[in-house]
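Below is one structure, written out as structure tokens, with a few remarks after it.
Given the structure is predicted, the values throughout are model-derived calculations rather than measurements. Lettering of chains follows the sequences in order, A, B, ..., and the numbering in each one begins at 1.
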Number of protein chains: 2
Amino acid sequence: MVSSSVSGEPRKVTIHDVARSAGVSRQTVSRALNDKDEIDGSTKQRVLDAARALGYRPSRFARGLVRQDTTTIGLVIPDLLNPFFTEVAAAALEAARARGWHVVVYDTADRAEEERGTLQVISSQVDAVVGYFSCPEDELQLFTRGMPVVLIGREHHTARFSSIRIDGEEGVHAAVAHLVAAGHTRIGMLDHHGRVDPSIRREWFTTAAVSHGIDADVVVGADQSADGGGAALRALLYAHPDVTAVFTFNDIIAIGVLREARRLGRSVPQDLAVIGFDGLQLGALVEPPLASVALDTRKLGALAIEQVARLLTGADPLAEDDLVVRAELRLAGSA
Amino acid sequence: MVSSSVSGEPRKVTIHDVARSAGVSRQTVSRALNDKDEIDGSTKQRVLDAARALGYRPSRFARGLVRQDTTTIGLVIPDLLNPFFTEVAAAALEAARARGWHVVVYDTADRAEEERGTLQVISSQVDAVVGYFSCPEDELQLFTRGMPVVLIGREHHTARFSSIRIDGEEGVHAAVAHLVAAGHTRIGMLDHHGRVDPSIRREWFTTAAVSHGIDADVVVGADQSADGGGAALRALLYAHPDVTAVFTFNDIIAIGVLREARRLGRSVPQDLAVIGFDGLQLGALVEPPLASVALDTRKLGALAIEQVARLLTGADPLAEDDLVVRAELRLAGSA
DNA sequence: TTGAAAGCGCTACCAC
DNA sequence: GTGGTAGCGCTTTCAA
């Protein structure tokens, strides 16, 4: 039993209803609403009044169907509250706006489940997808069938999707070189933890440390939060009291380190030099300002959007070599 | 002269093309793509192959037209990089996701021009609008004709639009009371500047100060940035060297104050107590942690979405009294 | 200035 | 299991 007109659920007002109510044809309504010239002033007013009275709003689907001129892309972010992703999102938004595109933002809360749900729903809502995904490529491909996809921050390029790779090798090398030149011989790293394998950022650190002839195994895992950074610093200093410099997986962790160092009575950078990774704007707000192996997040977003544009129009996509953002050491008070 | 098939611009592949290519009808294509049961496995595969070969992707407009079940709202934010708006945006996204809605995010870069452009374009892309607008109501109404609109953070409710009001009166009163109880008699405020009239937050401060019998005119304008906060603190201390406590327009400014105080050799909270406004998560990252008259940004976002939902379904909208988020004093290391 | 008709690309509801 | 037909709500020809 389906009673069609229960309370609430006001049936959609269409252009037809407005036409009837104003005593004109649908085309005339369309003319009035779209500010066309070929319409009498009084008729137009009458139509507009009727439309308002009925609470009419044109269907964006019907309209989009007939004049297909809008591009909408989906931006998938693990956590908008994480400043790094905020910066990437802002950059992508800006680049998209420059092209007149619309961006639907999805925050997957860093959960695979949400990621899947987003993928399900996204394919019928956007023309292309940009963002971060942790799920396997097979699954990704399954849900995005044929839709252009650009992954951000993948460690390696993949065969099936375009991706923007982050290359921090030189930057991390420069960071370690700087610390060594400043006289540090025991440099610790606070890697992220929780995943099984060590991060690629740790690999960069290891390579750099080895090439400078210093220990590369003074590493402790940290939760990716300021609190996590603080706790990890304590653990690190407990295990290796002779450490005088720290490189961290990212800036958030580094900020926790700065805070914890102060609480421990260690002054930065005299007693402890700190270099983060990401180059967040946030790093300038703390005291001392955070040195960091910095990523150009705007370039990250712009590149992703550029590649999507090419994929969408069928133009030659950018080659892998061009889809790279290199991190650069940016010195500041903390080192 | 219209040459229809210039290079680039690949004409849209429709379900019809796929049907022809696979030698089936359009309905069968539809069935294959939508995972319906009533289709032979091999047929399905053939259709899927054809679709992929042709690079077919269903039109979201056509699809949306026929099964109108998706709600998309536009979220308009002045600056996504501003942590406060980031928090509001994240909250709105979360609330929208809980309802299965899509959210198109527009960053107006705090420019009236962009705001207008966004408004122009938004009306044909979303079912409702939530967010911040600085343009006059007339203009707003012009562009949003009939579309539900919920304004956030307006100082007063308006007749024409729903709005979520922020009420910091009690919170600011509590902040001043706390400072007075701690023995402070000269409390400065760093207001935002750039606008003509003093902010409503300043009014709250004034009221609270007067009611505690202390000067309410120790006020300096600050740019809404950490640097602005630092500069304003210097100006404030220069003009009023006896100030021992500062209340700021927002947390960003307060964080600049914290940093500047350290540089000036003033320890917080001993030499200078600091209380911000907003209650950003960011406040917990600095040292000492920032005391603040805190807003529940999640409630802000959730309320806005809730009201949009009511407007959209025709349910009874929330009354003005329910569309308020009250700020509460949250003490921390800085005060 | 206005109206009739066609069709955008897709899915739902029937027949077969 | 598959195909025809009829729309979804709108704008764009083209006639009147």
Candidate pair B:Arg26 and B:Thr14, rule side-chain hydrogen bond (donor to acceptor under 3.5 Å, both in side chains), full reasoning
CA-CA 9 Å; B:Arg26 297 177 318 206; B:Thr14 78; over 6 Å; no

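Within the structure, every pair that satisfies the salt bridge (charged side-chain N to carboxylate O under 4.0 Å, His left out) test and touches residues 304-320 of chain A, not counting sequence neighbours, is listed here: A:Arg99-A:Glu306, A:Glu306-A:Arg310. Every pair passing ring-ring contact (aromatic ring centres under 6.0 Å, His included) that includes a residue from residues 98-123 of chain B is listed here, sequence neighbours excluded: A:His102-B:Tyr106, A:Tyr106-B:His102. Applying the salt bridge (charged side-chain N to carboxylate O under 4.0 Å, His left out) rule to pairs touching residues 45-56 of chain B yields nothing, sequence neighbours excluded. Judged as a salt bridge (charged side-chain N to carboxylate O under 4.0 Å, His left out), the pairs with a partner in residues 122-132 of chain A (not counting sequence neighbours) are, in order, A:Asp127-B:Arg60. Residue pairs meeting the ring-ring contact (aromatic ring centres under 6.0 Å, His included) criterion with at least one partner in residues 22-52 of chain A, sequence neighbours excluded, do not occur; the list is empty. Applying the ring-ring contact (aromatic ring centres under 6.0 Å, His included) test to residues at least two apart or on different chains, the pairs with a partner in residues 63-88 of chain B are B:Phe85-B:Tyr132.
One finds no salt bridge joining B:Arg31 and B:Asp40 here, because no Lys/Arg side-chain nitrogen approaches an Asp/Glu carboxylate oxygen to under 4.0 Å.
Overall, the helix from C:dT1-D:dA16 to C:dC16-D:dG1 carries an axis bend of 40° between its ends, with five pairs at each end and the value rounded to 10°.
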Could you run down nucleotides 6-16 of chain D 5' to 3' and tag each one B, S or - for protein heavy-atom contact under 4.0 Å?
BBBBBSB----

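Mapping heavy-atom proximity under 4.0 Å, the span of DNA chain C touched by chain B runs 5' to 3' from C:dG9 to C:dA12.
Closest heavy-atom contact between B:Ala32 and B:Lys44: O-CE, 3.9 Å.
The CZ atom of B:Arg326 sits 12.0 Å away from the CD1 atom of B:Ile166 when rounded to the nearest 0.5 Å.
The stretch residues 39-47 of chain B comes close to DNA chain D through B:Ile39, B:Asp40, B:Thr43, each having a heavy atom under 4.0 Å from the strand.
Remark: A:Thr144 pairs with A:Leu119, A:Leu140, A:Met147, A:Val149, A:Phe161 by the side-chain contact (heavy atoms from CB on, under 4.5 Å) rule, at least two apart or across chains. In terms of the side-chain contact (heavy atoms from CB on, under 4.5 Å) criterion, residue partners of A:Pro148 (sequence neighbours excluded) are, by chain and number, A:Ala128, A:Leu311, A:Leu312, B:Arg57.
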